[in-house]
Each structure stands twice: as structure tokens, then as C-alpha cells.
Amino acid sequence: MASWNSLQLEITYRVMGWMAFTCWSVGFYPQVILNFRRKSVVGLSFDFVVLNLTKHSSYLIYNATLYFSSAVQKQYWEKYGSGQMIPVAVNDVAFSAHAVLITAIILFQIAIYDRGTQKVSKIAIGIVVAVWLGAAVCFFVALPTHSWLWLINIFNSIQVFMTVVKYTPQAFMNFMRKSTDGFSIGFYLLDFSGGVTNYAQMAVLSIDQDSWVNFFGNMGKVLLSLISISFDILFMCQRFLLYPAKKAPIPPPPPQITSKGSLEPLLQSSSSASPTHTV
């Protein structure tokens, strides 16, 4: 098993990992708070939430298995070399577990808050069913030969695919409504920061080990960062450039009520403010 060559880079790696965890994890809460304040989920794509749950569940299976399973780690070293470090950190596991939990909470909000005429599309339901059926088939394929590394890489590929698919409904909904009202831009700002930090964390590991194997060994993590960054830029363009939120008009001040009960304007014209003087 490889070890760190630089203490400074090791500290940087861990700090960046927890920064990514913080950005990605905190990024869920603006949407949760927005739903709670509005008591409504209108404007939030239900397809996005359902697909997101499948995505994070798949990613949790990959991260937790590669991080905790000695059998899978042994297969990883046999494939990429015993001198390589496992490309999954504890912050990856913590993020995945938290993401599954908070996405389930958002689904609960969808169930109890006003959702208008919105519903989960048959296409999204079909994708989720097909993904889990495919994962079940892959499990039985891997079972006879104990090809666990291959199997969890399937789950890693699923989370990459779902990352692309999950963002599309929200982007399309914003385009059709010509509005971004109802979904929190805070989520995407933090998601963007998490993606950049997550990618930088892997770069730090590669610099220390003088090897880019960890990018190939966990291509799902690399693609997760790049895809998230790309879509977040799209959402920010929709929010701030294409469909900026309209400011509510400021109502005029109410007229003043005199002691006699009559209504008088707040400002008087110059002609009525003072009597006219004649020469």
C-alpha cells in the first residue's frame, strides 16, 4: 500500500476533501429551506429528485465498498498496482451517505407540500427501474467469479450516467418556463464549488504520488466533477443571464389621513404649496 510523500500535500488533500464535502452537503439545504418556507415544491423538477436519489445511492455503494472492503481493495491493487493509493477518501463516503439521506427528505417534502400539477414522468420512472434491474443482473454476473471491483465500477458508471440525466429535467423545465423561480440557485453555486474542489483534491493526490492512476482508477469521480461543473455553469447562466428573477414592483405609499378624516396627498404641488402674490 502506498503512503504519502509530502505531509503538506496530504493535509491539503484532506482539507480539500472536506471542503468538497461541505460545499456539496450544505448545497442541499437551500432547496430544503426554500421548500419549507414556500410550503410548495412547484418549480422543482421531481424527475431531478428521483434520479438524484438513484445517482447518490449508486455512488454510496461504490464509495463505501471500495473504502471498507479489503477484498475489493485487493482486486484494485491487482489491477492498478500495489503501490497505488485507494482513490476513495472518508469524505467521499460521508458525502454519499448524507446525500442519500437529504434527498430522501426532499422527496418527503414533495409528498407533503403543494406540488401543483407536477408529477414524476414515466420516462424518469422507466430510467430508474431499468438502472436497478441492470444492476441486479450485473450482480448475478459477478457473483460466480467474485468480480466485485468490476461490479462496483458498474455502480460508479451508473452514478456518472445519472449525473448527466438528473440535471437535464431541471434545465429543460427552466427553459420551458423561461424562469428559474422555485429552485434554489444556492444549491448550484455550492455544487460548482464542490466540483472544483473535488477535482483539485484528486490532482493533489496525483502530484504527491507522481502518478495519474487515481484518475483512471476512479474515473467516475473525475466525470462527476466535470459534469457537475458544466451543468452548474448552465444553471447560473439561466438564472443570471437568460431568465433573471423579476423584482416585485414597489407599491406606492398610502395617502395620509388628516385629523378631519379627509385624504390628502403626501406632496403638494408648488402652485398649491403657497398663495400666489400679485403686484
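Applying the salt bridge (Lys or Arg N to Asp or Glu O under 4.0 Å) definition to pairs two or more places apart or across chains, none involves residues 93-121. Residue pairs meeting the side-chain hydrogen bond (donor to acceptor under 3.5 Å, both in side chains) criterion with at least one partner in residues 65-76, sequence neighbours excluded, are absent. Evaluation of the ring pair (Phe, Tyr, Trp, His ring centres under 6.0 Å) test over residues 119-145, restricted to residues two or more places apart or in two chains, returns none. Within the structure, side-chain hydrogen bond (donor to acceptor under 3.5 Å, both in side chains) pairs that include any residue of residues 164-173 comprise Asn52-Lys166, Tyr167-Asp191, Gln170-Asn174 (at least two apart or interchain). Applying the side-chain hydrogen bond (donor to acceptor under 3.5 Å, both in side chains) definition to pairs two or more places apart or across chains, none involves residues 134-143. Judged as a ring pair (Phe, Tyr, Trp, His ring centres under 6.0 Å), the pairs with a partner in residues 142-166 (not counting sequence neighbours) are, in order, His146-Trp148.
For the pair Asn198 and Gln201, the minimum side-chain heavy-atom distance is below 4.5 Å. For the pair Thr12/Val15, no side-chain contact is recorded, criterion being any heavy-atom separation below 4.5 Å from C-beta on. Counting only heavy atoms from C-beta outward, the side chains of Arg239 and Pro244 never approach each other to under 4.5 Å. Looking at heavy atoms from C-beta onward, Met85 lies in side-chain contact with Trp4 at the 4.5 angstrom threshold. Side-chain contact check for Gln159 versus His56: every heavy-atom pair is 4.5 Å or farther apart.
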Under 3.5 Å, which donor-acceptor pairs link side chains of residues 94-101 to any protein atom two or more places apart or in another chain?
residue, atom, partner, partner atom, Å
Ser96, OG, Asn63, ND2, 2.8
Ser96, OG, Asp92, O, 3.0
His98, NE2, Tyr29, OH, 2.9

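Nearest heavy atom pair, residue Asn218 against residue Pro87, reads ND2-O, 3.2 Å. Annotation for Ser45 and Pro169: closest pair OG-CB, 3.3 Å, computed over non-hydrogen atoms. Scanning all heavy atoms of the two residues, the minimum distance from Gln118 to Val42 falls at OE1-CA, 3.3 Å. The minimum heavy-atom distance linking Val204 with Leu9 is given by the pair CG1-O, 3.4 Å.
Only one option out of Arg37, Gln31, Arg38 pairs with Asn35 in a side-chain hydrogen bond (donor to acceptor under 3.5 Å, both in side chains); it is Gln31.
Residues forming a ring-ring contact (aromatic ring centres under 6.0 Å, His included) with Phe46 (at least two apart in sequence, or on another chain): none. With sequence neighbours excluded, the residues satisfying side chain to side chain contact (heavy atoms under 4.5 Å, CB included) with Lys39 are Phe36, Tyr113. For Phe68, the side chain to side chain contact (heavy atoms under 4.5 Å, CB included) partners at least two apart in sequence or on another chain are Ala64, Val93. Checked against salt bridge (Lys or Arg N to Asp or Glu O under 4.0 Å), Arg14 has the following partners two or more places apart in sequence or in another chain: Glu10.
Within a 6.0 Å sphere centred on NZ of Lys178, heavy atoms belonging to other residues, nucleotides or ligands number more than 12. The environment of CZ in Phe172 is sparse: at most 12 heavy-atom neighbours from other residues, nucleotides or ligands sit within 6.0 Å. Taking a 6.0 Å sphere around CG of Leu143, one finds it holds more than 12 heavy atoms contributed by other residues, nucleotides or ligands.
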Would Gln8 and Ser6 satisfy side chain to side chain donor-acceptor pair (under 3.5 Å), going step by step from the backbone distance to the final call? CA-CA 5 Å; Gln8 291 80 2; Ser6 169; 3.3 Å; yes

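Aromatic ring orientation, Trp212 versus Phe215: tilted (interplanar angle from 30° to 60°).
When hydrophobic residues (I, L, V, M, F, W, Y) are linked wherever their side-chain heavy atoms come within less than 4.5 Å, the members clustered with Leu190 are Val26.
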